[in-house]
Structure formats: C-alpha cells, structure tokens
Amino acid sequence: ILPRLRRSRLRALPGARYKYSDLGFILLGRLVETLRGRSLAAVARARLFTPLGICDTGYRPPPRLHRRLLSPWPQGGNLGVVYDPLAARLAGIAGHAGLFGTADDLVRYASALLGGGRLQGAGRILAKRSVDAMLRATSLPGGTRRALGWRVAGAGLSARSFGHTGYTGTSLWADRRDGLVIVLLTNRTALTPAGQVGRLRARVQRVVAAALPRPPRRPVSSGLDGLVAAGFAPLRGAKVALITNHTAVDARGRWIVDLLLGAPQVSLRAIFAPEHGLRARLDRHLGDKVLRRGGKR
C-alpha cells in the first residue's frame with residue numbers, strides 16, 4: 001500500500017479540489033508508528049484508550065472476544081476481521097479503519113473531546129488548543145465544510161456539532177452546544193444487498209435533539225409578574241373575581257391575593273379557591289366564605 005501511495009500522482013493542487021479519501025489517514029497512521037517506534041495499535045492503547053478508561057475498543061480483537069462481536073460480512077463469519085479492504089491489507093491496523101468497539105467506549109471518547117481533551121474522572125488525551133484546532137470548521141472547494149477528520153453540523157444538531165460515519169453502518173455525533181453524544185451502531189453490510197442507513201441516522205439525531213429540554217432564549221415572565229411590572233394598570237377601576245390557590249406567587253414570592261389587595265384602584269371582590277381552602281391544609285368540606293375588606297362586605 002505505502003509504495004503505491006508514493007508512486008501516486010497529484011490529481012489537483014492543494015486547496016483546489018475536495019475529495020473524500022482514506023489515503024491521508026493511512027499515512028498519518030504510519031507517521032505515528034514511525035515517530036513512536038511502535039505499532040499504531042500499541043500507541044492508541046497507551047495514549048488514548050487507557051487514559052480514558054476505554055476497555056472494549058481496539059484493533060484485531062483476539063479470539064476470546066469473538067463471542068461479543070457482530071460480523072459485518074454478508075455471509076457472517078470472519079469475526080474480528082475488518083471489513084474495509086485497505087485496512088485488511090494492512091493487517092487490520094490502519095489510520096483510517098480497523099477499530100472494533102462498543103457504544104460506551106465511543107461515548108467516553110466523544111465526551112473527552114467535548115471536555116476539551118479530558119474526560120472527567122479520567123486522564124487527558126489532548127490539549128484544549130489541539131481539540132479546538134481539530135474541531136474548527138473550514139470551508140472546502142465545492143461548498144463542503146469539514147473539520148480535521150470530522151464532518152460538522154449534523155442533521156438536527158447545531159452548527160457546533162461534529163461527527164463521522166462508518167461504512168458498515170456506524171456513526172458518532174457530538175454537539176458542543178448541548179453537550180450531547182449520539183452513537184448509532186447498525187450492521188448494514190451484513191445484509192445482501194447492503195442496507196441504507198442515512199435516513200435512519202438523520203432521524204435518530206433529530207429525535208434525540210428534539211427531546212432535549214432547552215431553556216428559553218429569553219426570560220419568560222408570568223402574567224402576575226407582568227401585572228406587577230405595570231403597576232396593575234390593566235385592572236385599575238375593575239372589580240376582580242379571582243380563581244387561585246396558595247401557589248400563585250410572583251417572582252419575589254409574594255402571594256397574588258396580597259398584591260391585589262394592595263393594588264391601587266383595584267377592587268378584589270371575590271376569591272374562588274380549592275375545596276380544601278386557599279392554603280389546601282384542611283381535609284374537610286368548607287362552606288362558602290365571604291371576603292371582607294376594610295370592614296365592608
């Protein structure tokens with residue numbers, strides 16, 4: 001593979017054309033091995049998996065783990081053999097493909113990136129400035145925007161999201177705005193013909209993102225707070241009948257009845273309360289009560 005890469009010719013000047021390719025990441029994997037003097041699998045274990053407490057991810061899983069594996073091959077079998085042809089020709093250890101892992105491990109990895117290169121309760125894998133550089137979106141020829149090794153702005157997610165998909169039907173997306181990680185591990189290549197998963201990925205992301213509780217974009221005031229802010233002007237000169245209980249308070253904890261009794265030019269004439277009283281403390285039937293103000297009925 002590597003001699004063929006050396007002999008390959010340049011197809012376009014840098015920055016003039018964008019094409020999705022594995023070749024750059026194959027070279028990066030080889031560069032890591034050369035600089036560290038160890039296999040990419042050993043470096044990944046020491047510098048990435050162990051510091052993050054990632055226990056079930058690695059290259060070329062041994063036979064003792066085969067009972068936990070799903071085969072991506074249409075006819076089954078080949079457990080532990082990477083489906084990607086280039087990675088397979090590189091003995092299953094490559095910079096672009098070959099890892100087997102679990103959803104839990106992927107969540108830990110993505111969470112470390114969301115944490116600026118460090119996972120809470122675990123070690124640091126990258127400096128924050130490195131993570132910022134990695135996730136910074138760049139406009140590429142043809143209108144594509146990508147970060148270093150990542151797609152950006154996933155379906156249903158914010159512009160600050162990043163992620164990647166795997167040919168066998170896997171995907172990992174994380175959103176820095178919401179602190180959200182979505183892992184989807186399907187097995188589409190096990191089908192004949194291979195299944196389609198693109199619409200499923202987008203739907204899962206939209207459903208999960210839509211289910212998140214989101215604070216309002218601006219503070220929301222209750223109707224009572226609005227009346228207080230207006231000095232009860234909308235009610236001036238009115239005779240008021242109030243349906244309420246003890247929970248009706250303004251932002252400062254003041255009860256609506258006290259506020260209305262003190263409001264200028266507002267006549268609180270009747271209060272309709274729950275069966276068990278305004279304070280809801282009595283467990284018996286209450287008859288009608290007459291509100292008195294200033295000694296007058």
Side-chain angles (χ1 to χ4, degrees), residues 1 20-23 25-26 28-30 32-33 36 38-114 119 121-123 125 149-151 154 162-174 180-205 207-208:
I1 298 294
Y20 182 91
S21 173
D22 297 329
L23 304 186
F25 285 91
I26 292 175
L28 281 175
R30 181 57 179 160
V32 169
E33 292 181 331
R36 292 293 172 181
R38 294 189 291 173
S39 74
L40 183 62
V43 176
R45 173 66 57 191
R47 298 296 299 272
L48 178 63
F49 304 148
T50 298
L52 294 182
I54 289 178
C55 303
D56 291 318
T57 294
Y59 293 97
R60 296 171 57 178
R64 62 182 175 82
L65 296 179
H66 285 186
R67 62 183 178 83
R68 300 180 57 196
L69 298 180
L70 293 176
S71 172
W73 298 84
Q75 304 302 322
N78 291 328
L79 288 176
V81 178
V82 60
Y83 189 82
D84 182 271
L86 284 178
R89 292 180 66 178
L90 290 165
I93 303 176
H96 73 293
L99 283 174
F100 290 78
T102 64
D104 285 344
D105 282 354
L106 286 172
V107 168
R108 293 183 71 84
Y109 170 62
S111 297
L113 296 182
L114 291 178
L119 182 64
I125 56 170
W150 297 99
R151 297 170 59 184
F162 60 94
H164 210 291
T165 60
Y167 183 78
T168 57
T170 59
S171 65
L172 167 65
W173 280 92
L180 173 68
V181 177
I182 301 176
V183 176
L184 183 64
L185 303 181
T186 72
N187 200 21
R188 76 175 192 93
T189 53
L191 305 177
T192 305
Q196 301 298 315
V197 74
R199 292 175 61 186
L200 174 64
R201 286 169 173 154
R203 183 176 180 184
V204 168
Q205 289 165 205
V207 168
V208 173

(message) Quick one: does any side-chain atom of T168 pair with a main-chain N or O of T189 as donor and acceptor, under 3.5 Å?
(response) no
(message) As a quick check of understanding, evaluate side-chain contact (heavy atoms from CB on, under 4.5 Å) for F49 and L99, giving each step before the final call.
(response) CA-CA 12 Å; F49 304 148; L99 283 174; 3.9 Å; yes
(message) Between R188 (side chain only) and P193 (backbone N and O only), is there a donor and an acceptor less than 3.5 Å apart?
(response) no
(message) Given the ring of F100, does R60 sit roughly above its face, with NZ or CZ under 6.0 Å from the centre of the six-membered ring and within 45° of the axis?
(response) no
(message) Parallel, tilted or perpendicular: which one describes the rings of F162 and W150, with boundaries at 30° and 60°?
(response) perpendicular
(message) Please check: side-chain N/O of R30 versus main-chain N/O of L40, any donor-acceptor pairing under 3.5 Å?
(response) no
(request) Give a yes or no on whether the backbone of A94 and the side-chain of Y59 come within a donor-acceptor separation of less than 3.5 Å. (result) yes
(message) Ignoring hydrogens, what is the shortest heavy-atom contact between A87 and D84? Give both atom names and the distance.
(response) N-OD1, 2.8 Å
(request) Quick one: pull up CG in L172 and NE2 in H164 and give me the separation to the nearest 0.5 Å. (result) 10.0 Å
(message) Main chain of P61, side chain of H66: is a donor-acceptor contact present, judged purely on distance under 3.5 Å?
(response) yes
(message) Main chain of G169, side chain of N187: is a donor-acceptor contact present, judged purely on distance under 3.5 Å?
(response) no
(request) Locate the shortest heavy-atom distance separating T102 from T57; write the atom from each residue and the value. (result) N-OG1, 3.9 Å
(request) Just do the side-chain contact (heavy atoms from CB on, under 4.5 Å) check on Y109 and L52 with the steps written out, would you? (result) CA-CA 7 Å; Y109 170 62; L52 294 182; 4.3 Å; yes
(message) Looking at every heavy atom in both Y83 and P74, which two are closest together, and how far apart are they?
(response) CE1-CD, 4.1 Å
(request) Taking the side chain as every heavy atom from C-beta outward, state whether T165 and R151 have any atom pair closer than 4.5 Å. (result) yes
(request) Please say whether more than 12 non-hydrogen atoms of neighbouring residues, nucleotides or ligands are located less than 6.0 Å from CZ in R45. (result) yes
